[in-house]
There are 2 protein chains.
Amino acid sequence: MTVTLADVAARAQVSPATVSRVLNGNYPVAAATRERVLRAVDDLDYVLNGPASALAAATSDLVGILVNDIADPFFGIIAGAVQSEIGGPGGRAGGERLAVVCNTGGSPERELTYLTLLQRQRAAAVILTGGAIEDAEHAAALAGKLRRLAEAGTRVVLCGRPPAPETDAVALTFDNRGGGRRLTAHLLGLGHRRVGYIAGPRERSTTRHRLEGHRAALAAHGVEDDPALTVHGPYDRRSGYDATVELLRRAPELTAVVAANDTVALGACAALRDKGLRTPDDVSVAGFDDLPFSVDAVPALTTVRLPLHEAGARAGRIAMGKEEPPPGGVATVHGELMVRGSTAGPR
Amino acid sequence: MTVTLADVAARAQVSPATVSRVLNGNYPVAAATRERVLRAVDDLDYVLNGPASALAAATSDLVGILVNDIADPFFGIIAGAVQSEIGGPGGRAGGERLAVVCNTGGSPERELTYLTLLQRQRAAAVILTGGAIEDAEHAAALAGKLRRLAEAGTRVVLCGRPPAPETDAVALTFDNRGGGRRLTAHLLGLGHRRVGYIAGPRERSTTRHRLEGHRAALAAHGVEDDPALTVHGPYDRRSGYDATVELLRRAPELTAVVAANDTVALGACAALRDKGLRTPDDVSVAGFDDLPFSVDAVPALTTVRLPLHEAGARAGRIAMGKEEPPPGGVATVHGELMVRGSTAGPR
DNA sequence: CCGTAGATAGAAAGCGCTTGCTGTGACCCC
DNA sequence: GGGGTCACAGCAAGCGCTTTCTATCTACGG
C-alpha cells in the first residue's frame, strides 16, 4: 500500500542501497543515476519512513524543547527562535529537523516524563527553557536523566536556566539577579523607600534570583527589607492583581511595586487602577522580561529586557553543533534596564 | 551499550515478546511475570526505542501542530490546549503523545514541507491552525498532501481555519465574518461613519472573512465603503502602528479604527497616542481575538473573543479520536463581542 | 597491453521492536 | 480419568531503512 524504498529502487532500476544514498547524499552516486532515482521518487510520491531510518541509522531529527507554558510569549519567543535555528524547512539537505515543544506547566513530574519520552524518541537534542525547579530530589532525578540523555548522544542545552550540577549540559543563564538588582536600584534611586515585591512561585530559580537581586539593592541602599512587602504567586496576570490588592492592604503607604515579570506587572497596574491609584503618580510599577506588549502598556512599562530571541537562537545553534558552546559550558546572558513611563519619583 | 528489550528479557528470564507485551499491556501476562519484567526494566533503566517500535507497529505517538507564529499567544493558547488533550504525561498507559509544533511563519512552502516531515514521521495526527492561505495552486497542493496523510492513517484536523475542499479533514472554523460584522455594527451603532480598517495580510482566509464582515456591516448600515479606509499589513504591532499613521494621513476625520486583531489594535492605540489623539474620546479602537493582554490595555480593548482554548482542546480530542467529529466534518465556532472602554460614540 | 587505483553499484546483515502462530501446562467438566 | 479449554509464554518473521564490505567497470601509467 504505502510506497517503500524498494519500490522506488525497482522503478529506478537500481538497488535500495543506491536510493538510500541518493536521498542521504553522503556517498558518490553518478549524476544520471541520481536523476533517475529522483524522478522515481517524484513519480511515486515517495516519502521516507522516518522511524525506519531512525532505527537503522540510530539517529533522529527530532529536537525537544521543554517550556513551562507555551501560551506565554516568553517561551513562545524562545521556542520560535530555537526552531528557526535547528534547520526546519529552509536549511536544505539533511538539515530538516522537527521541534517537539513540550509544555510542562511547571510540573517537575511532567518535566521528567517528557524527558523520558524524548529519550525514547532518541531526540537529537533537548533544550530546557525557563527557571529550574529548586528541589533537591527533583534536581537529582533531573541530573540523572540529563546524564543518560547525554550518554545516548542527545545534546542538552539549558536556556534561561542556571547550570545543572552533576551534568555537563551547556547553560545559557539569564542574569536574573543582576536585572532584579538594577531594577530595584532604579526605583530606590528615584527616592522610593517602601517598595512592594510580587515574586513568582516559590522553589523556582528565576523567582529566587530576581528576589535576591531586589534584596541586594535594598541592602545596598540601606533600606530595610520588610517581609510583609513580598508576596509570592504564579507568573500570571491574576496573581499580579491579587498580590497588589494584598500589598495595598498590608502597606497602603507603598509607593512602588516590582513585579516578577511583565504579565504580573500588568495585573498590578490593573489592580492599582481599580483602587483609584495612578501609575506612576501614586505608585510606580516595574516588570521583567520586556515582552512585546510591555511597551504598549499605558504607561509603558519600566522593565528589564531579556534577549529572548537571541538566547533561543543561540541555544538552538549550540544544540545543533553549529556554534561552539561557551567556555566552561556556561554563559550568562544579561538583561538591559528599560526605563519607561511606569516609574517615577514618589509623590 | 544502550539497553535493549533483549537485555531486559534476559534479566527477567523471559522472552523479548513477553517484555514487549508487559510494556504495551495489551496481552495477558501473569502478574508475577509482569512484576519481574517491570523490575528488570527499572533495574536496567530501560527506555523503549521509539523509532524501533514505531517501525514494527507501524504507528507513532507524534502529533503535529502547524502554527503561523509560535510567539503569538493566539497560537500558543491553541497549541497548549491541544497538547493538554492529546494525552502527554498525565494520561497513563499508551496515552503518551508528543506534540510537534511547527512554525510555518505563514509561508506556504513551509506549511507543505512540514507536512511532509510529519508524514515522514508517520504522525498519528496533524492539526493545522489559523487562517488558510488563499492561493489556488497552494490549496491544491495542500489538499493533495492532506489526502495522502489521511490515507496513511494520520488524522487531520483544522482549527480556526475553513474546511479544505477535496479533503475530508475535520474543520473547526471560526466565525470571523460574523465577528467582524458585529464588531463594525457595534461601532456604527455608536454613530461612527468614517471607520478605518487595518486588515491582515492579503491572501489569508482570516483576513478576507473579517474584512467581509466589516463590509457587510457597512452595507447593512448604508455606509459607503471607502477603499482608502482599508490598509493591509501583517498581524503585528508594527503594522498596526504604521497603518494607523497612514490612515490618519488619508482621512484625518476618521473616528474609529478596527484592527485585524488585538496585537494590531495595540499598535494602533500607540500610534494614536503618539499623534496626540485620545482613545476613545477622539478615535475608538477595536481589536479581534481577545487575547489575555487585551483586557489590561488602557483603555481596555473592545474586541471579539474567540474561544481559543476550547477550540484547541476540541481539535485535540477529535484528533485523538476521543470525541466525535461534528456532523458533516465542519463546525463553526462563534466569537463573542466584548465591548470595553476603547470604543465610544464619536466626538 | 596489463596491473591498479578510483568511482559506482549491489548484496546482505542488521537496527530493536511487535505480533501471528505455535506450544505447554493447569484446570475443569462430565 | 480423558479430552477440551484457558491462560500464558516463546518462536520467528518481518517492519523499511542504512551501511559495511565486496564486485564491477573504467581509466590510466608504465
Side-chain angles (χ1 to χ4, degrees), chain A residues 1-38 40-41 44-62 94 96 117 119-124 152-153, chain B residues 1-38 40-41 44-62 94 96 117 119-124 152-153:
Chain A
M1 221 224 73
T2 90
V3 185
T4 71
L5 236 211
D7 300 329
V8 176
R11 184 171 233 272
Q13 318 222 60
V14 297
S15 74
T18 302
V19 177
S20 172
R21 297 203 262 245
V22 168
L23 262 23
N24 292 300
N26 45 17
Y27 189 88
V29 173
T33 313
R34 174 198 318 287
E35 204 161 307
R36 200 142 34 85
V37 170
L38 255 18
V41 166
L44 264 31
D45 245 337
Y46 173 67
V47 175
L48 200 63
N49 182 319
S53 68
L55 172 59
T59 64
S60 119
D61 44 9
L62 256 32
E96 308 196 307
L117 249 30
Q119 180 182 359
R120 169 177 307 183
Q121 297 298 332
R122 304 300 189 253
Chain B
M1 218 222 76
T2 87
V3 184
T4 71
L5 238 211
D7 299 330
V8 176
R11 185 172 234 270
Q13 317 222 61
V14 296
S15 73
T18 301
V19 177
S20 172
R21 285 167 182 148
V22 167
L23 262 24
N24 292 297
N26 45 16
Y27 189 90
V29 173
T33 313
R34 172 197 321 287
E35 203 161 308
R36 200 141 34 83
V37 170
L38 256 17
V41 166
L44 263 31
D45 247 335
Y46 172 67
V47 175
L48 200 62
N49 182 318
S53 67
L55 172 59
T59 63
S60 117
D61 44 9
L62 256 33
E96 308 195 309
L117 249 32
Q119 181 182 359
R120 172 178 304 184
Q121 296 299 330
R122 304 298 188 255

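Residue numbering restarts at 1 for every chain, and letters A, B, ... go by the order of the sequence lines.
The stretch residues 2-19 of chain B touches DNA chain C through T4(B), L5(B), A17(B), each having a heavy atom within less than 4.0 Å of the strand. The stretch residues 28-38 of chain A touches DNA chain C through P28(A), V29(A), A30(A), T33(A), each having a heavy atom within less than 4.0 Å of the strand. Annotation: proximity of residues 48-56 of chain B to DNA chain D (heavy atom, distance under 4.0 Å) is found for L55(B), A56(B), numbered in ascending order.
Atoms OG1 and CG, from T33(A) and L38(A) in turn, are 11.5 Å apart once rounded to the nearest 0.5 Å. Here CG of L44(A) is found 11.0 Å from CG of L5(A). Values are rounded to the nearest 0.5 Å.
Applying the 3.5 Å distance criterion, the base of dA9(C) shares a donor-acceptor pair with the side chain of Y27(A). With hydrogens and angles left out, the side chain of R120(A) and the base of dG16(C) share no donor-acceptor pair within 3.5 Å.
In terms of the side chain to side chain contact (heavy atoms under 4.5 Å, CB included) criterion, A56(A) has no residue partners (sequence neighbours excluded). In this view, S20(A) and N24(A) satisfy the side-chain hydrogen bond (donor to acceptor under 3.5 Å, both in side chains) rule, not counting sequence neighbours. For T59(A), the side chain to side chain contact (heavy atoms under 4.5 Å, CB included) partners are A57(A), not counting sequence neighbours.
Relative to the side chain of R21(B), the nucleotides dT18(D), dT19(C), dA9(C) differ in distance, and dT19(C) lies closest.
Checked against V22(A) for a side-chain contact (heavy atoms from CB on, under 4.5 Å), the options E35(A), R34(A), R36(A) give a single hit: R34(A).
In terms of heavy atoms, P51(B) sits closest to R122(A) at CD-CG, 4.3 Å. In plain terms, the two heavy atoms of N49(A) and A52(A) that are nearest each other are OD1-N, 3.0 Å.
Between D61(B) atom CG and dT18(C) atom P the separation is 11 Å, expressed in whole Å. The distance between atom CG of N26(A) and atom P of dT19(D), rounded to the nearest whole Å, is 7 Å. Separating the CZ atom of R122(B) from the P atom of dG16(D) is a distance of 9 Å, rounded to the nearest angstrom. What separates CG of L23(B) from P of dT19(C) is a distance of 12 Å, to the nearest Å.
Each salt bridge (charged side-chain N to carboxylate O under 4.0 Å, His left out) pair with one or both residues in residues 18-28 of chain A, not counting sequence neighbours, would appear here, but there are none. The salt bridge (charged side-chain N to carboxylate O under 4.0 Å, His left out) analysis of residues 22-32 of chain B, with sequence neighbours excluded, yields no pairs. For the salt bridge (charged side-chain N to carboxylate O under 4.0 Å, His left out) condition, no pair includes a residue of residues 51-62 of chain A, sequence neighbours left out.
Within the 4.5 Å cutoff, the side chain of V41(B) has no heavy atoms near those of the V47(B) side chain.
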Problem set entry | Pair assignment for DNA chain D - dot-bracket with | for other-strand partners, Watson-Crick or G-U under 3.5 Å | ||||||||||||||||||||||||||||||
Compile the donor-acceptor pairs under 3.5 Å between side chains in residues 10-17 of chain B and protein atoms, sequence neighbours left out, one pair per line.
{"unit_1": "R11(B)", "atom_1": "NH1", "unit_2": "D43(B)", "atom_2": "OD2", "d": "2.6"}
{"unit_1": "S15(B)", "atom_1": "OG", "unit_2": "A17(B)", "atom_2": "N", "d": "3.4"}
{"unit_1": "S15(B)", "atom_1": "OG", "unit_2": "T18(B)", "atom_2": "N", "d": "3.4"}
{"unit_1": "S15(B)", "atom_1": "OG", "unit_2": "T18(B)", "atom_2": "OG1", "d": "3.3"}

